[in-house]
Amino acid sequence: MLSLANAFGAEELLDFDRRVRSLAGLERVTYTGELKIDGLSIALLYRHGVLERAATRGDGETGEDVTAQVRTVRSVPLRLRAAGRDLAELEVRGEVFFPIADFERLNRERAQRGETPFANPRNAAAGTVRQLDPAVTAARPLDSFLYALPEARAQLPVASQEQVLVTLRELGFKVNPHFAVLEGIEAVPDYCRHWDARRHELPYEIDGVVIKVNDLGLHERLGATSKSPRWAVAYKFAAAEQETRVLDIMVTVGRTGIITPTAVLEPVEISGSTVGRAVLHNEDVIREKGVRIGDAVVVRKAGEVIPEVVRVLEERRRGDERQFVMPERCPVCGAGVVREQGEAAHRCTGGLTCPAQVAEGILHFGSRGAMDIDGLGPSTVAALLEAELIGGVGDLYDLTVEAAEGLPRFARKSAENLVAAIERSKQQPLRRLLFALGIRHVGERAGLLLARHFGTLERVAGATEAELTAVHEIGPKIAASIAAWFTRPQAGELVEKLRAAGVNFAEPGVAVGMAAGEQDVLAVAAERRQAATEGAGDQSGPDEAPEIAEQLSGITFVLTGTLTSWTREEAEERIVARGGRVSGSVSRKTSYVVAGENPGSKLTRARELGVTVIDEDDLRRLLLSSGG
Ligand code: IVH
């Protein structure tokens with residue numbers, strides 16, 4: 001049993017239609033729209049009209065034999081109304097599900113008996129069908145909708161999916177009444193929207209609609225990929241909301257010192273992924289939402305992926321909820337925490353004396369979209385700082401195998417690998433170096449634009465704000481931030497260290513006629529700007545939204561398993577292009593673990609730490625919703 005490819009949004013539905021038409025060589029295709037029942041998929045085998053076997057989908061290849069259990073489902077006929085036809089062997093597929101009202105009743109009863117309630121109707125259906133004792137299954141009101149006859153054409157006069165549904169009904173099956181024949185792709189979005197708006201009026205849960213090519217002859221011609229048929233697509237609805245509890249509100253210190261509060265939630269399932277955290281962004285957001293530690297809250301996935309607290313269920317307060325207060329001192333370095341005028345964020349004033357900021361800066365430097373230093377993960381950075389082998393990014397290139405070998409849990413081989421990875425990073429193109437430096441508002445895209453325009457680090461450093469804003473897409477905020485960054489004395493030191501280590505400062509393929517003595521440009525530029533900004537106060541640049549979309553800023557992803565719609569590199573590039581970060585290992589600070597197929601131990605680690613796990617579809621949805 002295959003599964004279905006998912007489409008999010010009208011654009012992906014049009015893509016589906018384009019693919020179908022181009023493979024079929026047709027101008028126009030008729031589709032059926034069906035509700036996507038959120039239950040448990042089953043396959044039924046009838047021999048000479050009698051139900052012989054029922055199986056779950058399992059891994060698609062091998063399912064569980066649930067014949068005894070399915071026989072107790074009242075809407076599944078034990079004998080077909082074959083109207084005189086001898087159907088030697090007939091396979092039927094569909095979904096068994098738990099009606100919502102019955103699910104709620106079952107959960108009330110379970111709670112009264114002190115049993116754990118089911119998380120949702122789907123889990124209740126799965127738990128009921130998999131019951132070892134069919135008597136238990138029989139006592140629960142499971143229902144069914146059938147929708148497919150995979151091998152029908154040999155035995156029955158059916159030429160279309162519509163006829164399949166009609167025939168199933170004639171044979172005595174329960175068929176969902178809300179299917180529609182849709183003439184051409186134009187009719188599809190309306191059907192999707194209609195059921196998205198009406199889904200809550202149904203007595204059972206649906207998680208989308210399924211669009212199928214109506215002509216069964218075309219099904220055969222279109223065939224299937226290794227995972228899903230090419231003649232169908234699932235249009236998934238936006239994620240539902242769930243209730244849970246705020247166990248704690250913790251804060252993390254980011255690379256630029258911004259202190260971000262995050263709600264630690266009692267883990268809940270929201271449309272397929274477990275949510276354990278919700279970013280609360282800043283003090284104002286907490287105040288507006290009125291969130292207290294211990295509150296029962298409604299959470300949903302914003303942009304359908306990022307968990308957010310929608311509202312507090314005040315009526316459920318017990319009186320022991322606690323107000324969250326922003327720490328007055330940085331939880332990492334103890335330096336004062338300030339909230340500057342006009343800013344929403346609190347910031348640690350420790351700067352590069354704050355180990356969290358230093359560590360985050362080094363991690364960022366070595367991250368995938370930046371200098372891509374394999375093995376430079378959070379624990380290694382922490383160990384390097386702890387052992388005082390490095391004090392900042394500039395010291396990385398002085399690290400020797402002998403020194404690294406002395407780190408806790410570091411064997412010779414890993415020390416060699418780390419030093420080799422650091423060495424290799426010297427060859428990275430300028431665009432990555434610019435991004436790696438961690439200049440505020442300079443994301444990967446800005447790095448690329450600047451590198452293409454200026455060609456060398458010296459030229460970027462020496463550019464005036466006017467010259468910087470002359471670059472297409474670089475606005476005054478980015479320009480001010482870059483100019484300010486290069487005038488800091490630490491920046492000069494860092495650049496010199498990197499130069500001495502032999503780090504590449506040029507963008508390959510960009511021709512720059514470097515005049516003799518141009519290397520001194522850096523110093524000259526610094527002086528020039530120093531004079532210009534004398535008395536200008538804070539040089540960190542205004543903290544408004546950057547011109548270049550960075551919707552994922554502050555969000556760290558870890559990818560595990562195989563992705564199917566993108567290569568790992570593509571996925572990483574897309575995340576980084578939107579200001580997100582990709583890390584190689586899971587920690588408490590990981591925002592999301594993206595689990596592809598056959599995920600590894602990172603998934604286990606994520607579950608242990610309560611990190612939110614999303615799947616590839618979630619990632620796609622997130623990247624699409626955040627601007628492309
Ligand atoms: S057609 C090759 N039609 O959705 C699979 N599936 O995400 C063809 N589902 O495994 C499936 N309602 O369990 C189809 N009207 C419907 C459906 C439906 C629910 C489930 C089914 C399938 C899953 C795919």
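Residue numbers run from 1 in the order of the sequence given. In each ligand, atom 1 is the first atom listed, and ligand 1 is the first ligand listed.
Of all the heavy atoms of Met1, none lies under 4.0 Å from any atom of ligand 1, so neither backbone nor side chain is involved. At a 4.0 Å heavy-atom cut-off, ligand 1 touches Val210 through the side chain alone. Using a 4.0 Å cut-off between heavy atoms, Leu35 contacts ligand 1 through its backbone alone, with no side-chain atom that close.
Nearest protein heavy-atom neighbour of atom 15 (N) of ligand 1: Glu34 OE1, 3.0 Å. Scanning the protein heavy atoms around atom 4 (O) of ligand 1, the nearest turns out to be Lys36 NZ, 3.2 Å. Closest protein heavy atom to atom 10 (O) of ligand 1: Ser41 OG, 3.9 Å. Protein heavy atom at the shortest distance from atom 3 (N) of ligand 1 is Lys212 NZ, 3.0 Å. From the protein, the heavy atom lying nearest to atom 20 (C) of ligand 1 is Glu95 OE1, 3.5 Å. Summary of contacts: the protein heavy atom closest to atom 12 (N) of ligand 1 is Ile37 N, 3.1 Å. For atom 21 (C) of ligand 1, the closest non-hydrogen atom of the protein is Tyr147 OH, 3.0 Å. Looking only at protein heavy atoms, the nearest one to atom 8 (C) of ligand 1 is Leu4 CD2, 3.9 Å.
Among the atoms of Trp231, none of the N or O lies under 3.5 angstrom from an N or O of ligand 1. The shortest N or O to N or O distance between Pro229 and ligand 1 is not below 3.5 Å.
Every side-chain hydrogen bond (donor to acceptor under 3.5 Å, both in side chains) that Tyr204 has, sequence neighbours left out, goes to Asn176.
Between Lys589 and Thr262 the shortest side-chain heavy-atom distance does not fall below 4.5 Å. The shortest side-chain heavy-atom distance between Phe173 and Leu44 falls under the 4.5 Å cut-off.
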* Under the salt bridge (charged side-chain N to carboxylate O under 4.0 Å, His left out) rule, what do Glu186 and Arg28 come out as? Steps first, then yes or no, please. => CA-CA 10 Å; Glu186 311 81 70; Arg28 205 179 159 72; 3.0 Å; yes

* Go through the steps to decide whether Val297 and Val312 satisfy the test side chain to side chain contact (heavy atoms under 4.5 Å, CB included), and finish with yes or no. => CA-CA 4 Å; Val297 290; Val312 172; 4.1 Å; yes

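Using modelled atom types, one finds no donor on one side chain facing an acceptor on the other under 3.5 Å when comparing Ser583 with Thr556. Counted by atom type alone, Arg140 and Thr128 present one or more donor-acceptor pairs between their side chains at under 3.5 Å.
His178 and Trp195 have tilted rings, their planes meeting at an angle from 30° to 60° on a 0 to 90° scale.
Counting the atoms of ligand 1 from 1 in the order shown, those under 4.0 Å from a heavy atom of Leu2 are 2 (C), 5 (C).
Among all heavy-atom pairs drawn from Ser591 and Val611, the shortest one is O-CG1, 3.9 Å.
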